[in-house]
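The figures that follow rest on heavy atoms only: side chains count, while hydrogens, waters and symmetry mates do not. Predicted model only: the values in this text are computed from it and were never measured.
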2 protein chains.
Amino acid sequence: MGRWTTMVLYGLVLAAVVATLKYVEYRFMVKSLSTEVYIGVVAALFTGVGLWLGSKLITAKKVVQVAPAAVVDHQAIRSSGLSARELEVLQLMAEGLSNQEIANKLFISLPTVKSHSSSLFTKLEVKRRTEAVHRAKSLRIIA
Amino acid sequence: MGRWTTMVLYGLVLAAVVATLKYVEYRFMVKSLSTEVYIGVVAALFTGVGLWLGSKLITAKKVVQVAPAAVVDHQAIRSSGLSARELEVLQLMAEGLSNQEIANKLFISLPTVKSHSSSLFTKLEVKRRTEAVHRAKSLRIIA
DNA sequence: AAGTGCCTCATACTTTAGTAGGGATCTTCG
DNA sequence: CGAAGATCCCTACTAAAGTATGAGGCACTT
């Protein structure tokens with residue numbers, strides 16, 4: 001349900017309640033209904049309306065707030081000691097690319113990619129690319 | 001803030017508002033304030049209270065609902081066509097283990113691991129283990 | 001009973017990954 | 001300036017990974 005639709009409904013409910021109260025008052029001439037009772041009823045009613053409104057308007061915000069939790073920890077990246085290029089190579093590794101494909105994508109030679117890989121492995125203290133990817137993800141260095 | 005604390009606060013706010021209205025009425029003898037205006041003010045106030053209440057009572061539920069989102073999609077696993085053993089090998093691959101380490105951990109030979117790997121790659125339509133891991137994660141076959 | 005899929009293992013081979021050990025610019029910083 | 005780090009590239013080698021092919025045993029289904 002859209003925000004505007006909800007707002008319009010809110011207005012309609014308010015109008016309806018006021019009309020109903022006036023109608024009841026007119027029908028039964030119950031002037032004895034004290035203001036306190038009126039207030040109590042209306043307060044309770046609109047607390048409910050507020051709750052309902054809240055569930056419609058607030059929920060969406062909370063959900064999108066929680067879902068995209070920070071995927072990477074920039075502090076972790078800095079303290080990892082990885083250079084910009086090494087990080088790029090690592091990210092492409094994580095996407096399953098071979099060294100040759102990484103070389104093509106970055107317009108550098110295969111030996112260069114291997115060079116970056118090796119130094120990257122040393123810095124992450126691993127021996128294989130799959131291990132590097134796993135470790136980097138647990139450290140939130142990559143998504 | 002606890003649920004009970006919130007409820008008590010709600011009661012106190014209600015009491016305070018009623019008291020304030022009566023006080024204002026008493027102080028200024030403004031009998032001219034129509035019931036409609038009263039109702040309007042109270043309705044608006046308690047809609048606000050309801051909204052606030054909602055943010056306190058509902059948010060927690062929503063959060064725990066979203067956070068532990070299903071990490072693996074069992075339906076995706078079934079429709080992937082992977083056998084139990086292939087899935088095991090895949091999971092260990094994702095943890096960065098070498099074929100030899102996987103063989104040791106599962107008490108099978110290296111050729112057997114390679115055999116599982118190859119058929120697993122075919123089923124996932126990939127060529128490398130890193131690619132397999134990446135694809136399996138995007139399909140929610142593994143965590 | 002024959003067929004199918006799974007798990008296991010093997011050998012032989014090709015390809016990719018990773019290591020070792022260099023060297024060449026270029027920028028930045030003390 | 002000189003040192004350090006980053007980037008780029010190379011050769012040569014070893015170690016894994018991956019492919020191809022075949023085969024035996026087991027369980028389940030038709």
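- When every heavy atom of B:V89 is checked against every heavy atom of B:H116, the shortest pair comes out as CG2-CB, 4.0 Å.
- Of the possible donor and acceptor atoms, one in the side chain of B:K123 sits under 3.5 Å from a partner among the backbone N and O of B:G81.
- The backbone N or O of B:S83 sits less than 3.5 Å from a side-chain atom of B:E86, completing a donor-acceptor pair.
- When the C1' atom of D:dA17 is taken as reference, atom CD of B:E101 falls 14 Å away, rounded to whole Å.
- With rounding to whole Å, B:F107 atom CZ is found 17 Å from C:dC7 atom C1'.
- Protein atom CD of B:E86 is 13 Å distant from nucleotide atom P of C:dG5, rounded to whole Å.
- In this structure, CD in A:Q100 is found 11.0 Å from CG in A:L97, a value given to the nearest 0.5 Å.
- Whole-Å rounding puts the B:L106 CG to C:dC6 C1' distance at 15 Å.
- The CG atom of B:L120 sits 15 Å away from the C1' atom of D:dT19 (whole-angstrom rounding).
- Heavy-atom minimum distance, A:L139 versus A:A76: O-CB, 3.3 Å.
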Collect all protein-nucleotide pairs involving nucleotides 25-30 of chain D in which both atoms are nitrogen or oxygen and the distance is under 3.5 Å.
none

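- A:L110 and A:A103 make their closest contact through N-CB, 4.0 Å (heavy atoms, listed as atom of the first residue, atom of the second, distance).
- Rounded to an integer number of Å, the gap from A:I108 CD1 to D:dC10 C1' is 14 Å.
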For nucleotides 13-30 of chain C, 5' to 3', base contacts (B), sugar-phosphate-only contacts (S) and non-contacts (-) with protein non-hydrogen atoms under 4.0 Å give ----BBB-----------
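- Shortest non-hydrogen contact noted between A:N99 and A:S117 is OD1-OG, 3.9 Å.
- Using modelled atom types, one finds no donor on one side chain facing an acceptor on the other under 3.5 Å when comparing B:S115 with B:T112.
- Distance from the side chain of B:S83 is smallest to C:dC6 among D:dC8, C:dC9, C:dC6.
- For D:dT7, neither phosphate oxygen OP1 nor OP2 lies less than 4.0 angstrom from any side-chain nitrogen or oxygen of A:H116.
- With D:dC8, C:dA10, D:dC10 as the choices, the nucleotide that has an atom nearest any side-chain atom of B:S109 turns out to be C:dA10.
- C:dT8 atom C1' lies 14 Å from atom CD of B:E88, rounded to whole Å.
- Under the 4.0 Å criterion applied to side-chain N and carboxylate O atoms, A:E101 and B:R128 are assigned as salt-bridge partners.
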